[in-house]
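Data block below; observations after.
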Amino acid sequence: MIHIRCGALATTQWLDAPHWPWNNEPLVFRASVAEFTPQIPRFDDVLSPDERQRANRFHQPEDRQRYVLGKVLSRFLLGRLLNQSPASVQFRIDGNGKPHVSGTNQVQFNLSHAGNWVLISLAPVAVGVDVEQIRPSFRYEAVLAHSFSDKEQRYVHESADPRLLFFQLWTRKEALAKAVGTGLIHDLVNQPTLDGEHIIEGQTGELLRSWTVLSFHLEANYEATLAWAGLSDQTRVTFYHLRPELLQAIAH
């Protein structure tokens, strides 16, 4: 049995992050690609050889910028937390295809990017984050019909802004699937996203746990969700905005 609690923040306060504390609670960092673009060419030495090869395979400059920025900032944040240089942080992929920091169980991480934004989450438990850009040209109806339950479809169609609500609920499915690694179940239709408490019966193995799924508004035309293991009402999520001038303070 899996217990899932879904909800949304009415407002989100983004703090500057020259010295962010680690209190064993989820953290979310955001970075504007546009703010970092002049510095991105200088980051190659921070990447691993495999990451540099993958970055060079992107045909569109903006895709490469998002990829590089996500990897570099993840290394800076994890390096500060683990008292390592960013380039020395090593990663491993588990059997579910989920990335982890090698050599420690102290922190879990996840990242996502879309449009102008990169999001990185850190937590002491399994965590997933997803951000989506609300694009007017995207035909969300087809995804809604194939990946959402009948109740969710009705909820979206009957809302005042169906497109906005679709992207909010879609980020919930994505963030939770990323937190687990392979998704709670093979069929996204049965992965709940509506506000409130949900129980999924008949699950076995490592999925016998509880999850919190929390959506938040990033800025105009961007929706995001953080998902993590556990249901404690005492858990507090803190949000930070990363700026280029803070890299030196963050790096070890």
Side-chain angles (χ1 to χ4, degrees), residues 4-9 11-15 17 20 22-33 36 63 65-78 80-81 89 91 93-94 96-101 106-134 147 164 166-184 188 191-193 195 209-219 221-232 235-242 250:
I4 302 172
R5 177 187 296 165
C6 296
L9 291 175
T11 59
T12 305
Q13 181 182 9
W14 294 91
L15 306 175
W20 48 271
W22 175 246
N23 297 318
N24 287 317
E25 292 184 305
L27 305 177
V28 177
F29 299 86
R30 73 175 185 183
S32 164
V33 178
F36 279 88
D63 293 333
Q65 290 168 352
R66 283 189 289 265
Y67 174 80
V68 171
L69 186 59
K71 293 296 184 182
V72 168
L73 292 181
S74 295
R75 288 178 171 279
F76 273 111
L77 294 170
L78 291 166
R80 178 186 183 274
L81 183 61
V89 176
F91 303 101
I93 305 298
D94 66 18
N96 293 328
K98 184 177 180 180
H100 297 268
V101 186
Q106 177 185 355
V107 60
Q108 302 284 325
F109 81 103
N110 199 239
L111 68 93
S112 180
H113 43 70
N116 183 53
W117 290 104
V118 171
L119 291 186
I120 301 165
S121 58
L122 304 181
V125 294
V127 65
V129 68
D130 188 62
V131 59
E132 300 288 343
Q133 184 176 14
I134 302 174
S147 300
L164 174 64
F166 163 80
F167 277 100
Q168 182 189 74
L169 299 187
W170 180 249
T171 62
R172 293 183 181 184
K173 289 185 184 282
E174 287 285 297
L176 186 55
K178 293 173 70 178
V180 174
T182 57
L184 285 176
L188 284 176
Q191 186 173 312
T193 60
D195 286 356
R209 62 197 310 175
S210 301
W211 299 90
T212 299
V213 181
L214 185 65
S215 297
F216 55 94
H217 179 67
L218 186 56
E219 70 162 14
N221 297 321
Y222 288 89
E223 290 295 314
T225 293
L226 180 72
W228 69 92
L231 286 174
S232 173
T235 300
R236 184 185 66 174
V237 181
T238 309
F239 298 84
Y240 292 102
H241 182 83
L242 295 172
I250 293 170

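Given the structure is predicted, the values throughout are model-derived calculations rather than measurements.
Across all their heavy atoms, Val89 and Arg75 have their closest contact at O-NH1, 2.5 Å. The nearest pair of heavy atoms linking Tyr222 to Ala114 is CE2-O, 3.3 Å. Nearest approach of Leu69 to Val33, heavy atoms of both residues: CD2-CA, 3.9 Å. Considering all non-hydrogen atoms of both residues, Ala126 and Ala179 come closest at CB-O, 3.7 Å. Nearest heavy-atom pair, Gly128 versus Ser121, reported as atom, atom and distance to 0.1 Å: C-OG, 4.4 Å.
Inter-residue side-chain proximity for Leu188 and Trp170 is flagged as met; some heavy-atom pair is nearer than 4.5 Å. The shortest distance between side-chain heavy atoms of Trp14 and Val28 falls below 4.5 Å. Annotation: side chain of Val131 is in contact with side chain of Leu218 (closest heavy-atom distance under 4.5 Å). When side chains are defined from C-beta on, Leu242 counts as touching Leu77, because their heavy atoms get closer than 4.5 Å.
Side-chain atoms of Gln191 come within 3.5 Å of backbone atoms of Lys173 as a donor-acceptor pair (strictly under, hydrogens ignored). A distance-only check finds no donor-acceptor pair linking the side chain of Arg236 to the backbone of Glu25 [under 3.5 Å]. Put simply, the side chain of Lys178 gets close to the backbone of Leu111: a donor and an acceptor are under 3.5 Å apart. Remark: side-chain polar atoms of Arg66 are paired, donor with acceptor, to backbone N or O of Gly115 under 3.5 angstrom. Side-chain atoms of Arg172 do not come within 3.5 Å of backbone N or O of Val213 as any donor-acceptor pair.
From Leu164, atom CG reaches atom CD1 of Ile134 across 4.5 Å, with rounding to the nearest 0.5 Å. Atoms CG and CD, from Leu169 and Glu174 in turn, are 12.5 Å apart once rounded to the nearest 0.5 Å. To the nearest 0.5 Å, atoms CD (Gln133) and NE2 (His113) are separated by 13.0 Å. Between Gln106 atom CD and Leu78 atom CG the span is 10.0 Å, to the nearest 0.5 Å. Taken from NE2 in His241 to CG in Leu15, the straight-line distance is 11.5 Å, to the nearest 0.5 Å.
Side-chain rings of Phe91 and Phe109 approach one another, their centers coming within less than 6.0 Å.
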side-chain contact (heavy atoms from CB on, under 4.5 Å) assessment of Phe36 paired with Val118:
CA-CA 11 Å; Phe36 279 88; Val118 171; over 6 Å; no
Evaluation steps, side-chain contact (heavy atoms from CB on, under 4.5 Å), between Ile120 and Phe76
CA-CA 11 Å; Ile120 301 165; Phe76 273 111; over 6 Å; no
Go through Phe216 and Leu214 one step at a time and tell me if the side-chain contact (heavy atoms from CB on, under 4.5 Å) criterion holds.
CA-CA 7 Å; Phe216 55 94; Leu214 185 65; 5.5 Å; no
Under 3.5 Å donor-acceptor pairs involving side-chain atoms of residues 223-230, not counting sequence neighbours:
| unit_1 | atom_1 | unit_2 | atom_2 | d |
| --- | --- | --- | --- | --- |
| Glu223 | OE2 | His217 | ND1 | 2.8 |
| Thr225 | OG1 | Thr171 | OG1 | 2.6 |
| Thr225 | OG1 | Ser215 | OG | 2.8 |

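With sequence neighbours left out, Ser32 forms a side chain to side chain contact (heavy atoms under 4.5 Å, CB included) with Ala34, Glu35, Asn116, Trp117. Taking the side chain to side chain contact (heavy atoms under 4.5 Å, CB included) definition, one finds that Ala123 meets it with Pro26, Val125, Val127, sequence neighbours left out.
Of the residues listed (Val129, Asn110, Asp130, Leu73), the one engaging Leu119 in a side-chain contact (heavy atoms from CB on, under 4.5 Å) is Val129, and it is the only one.
The side-chain tip of Arg80 points at the ring of Trp20 from less than 6.0 angstrom away and within 45° of straight on.
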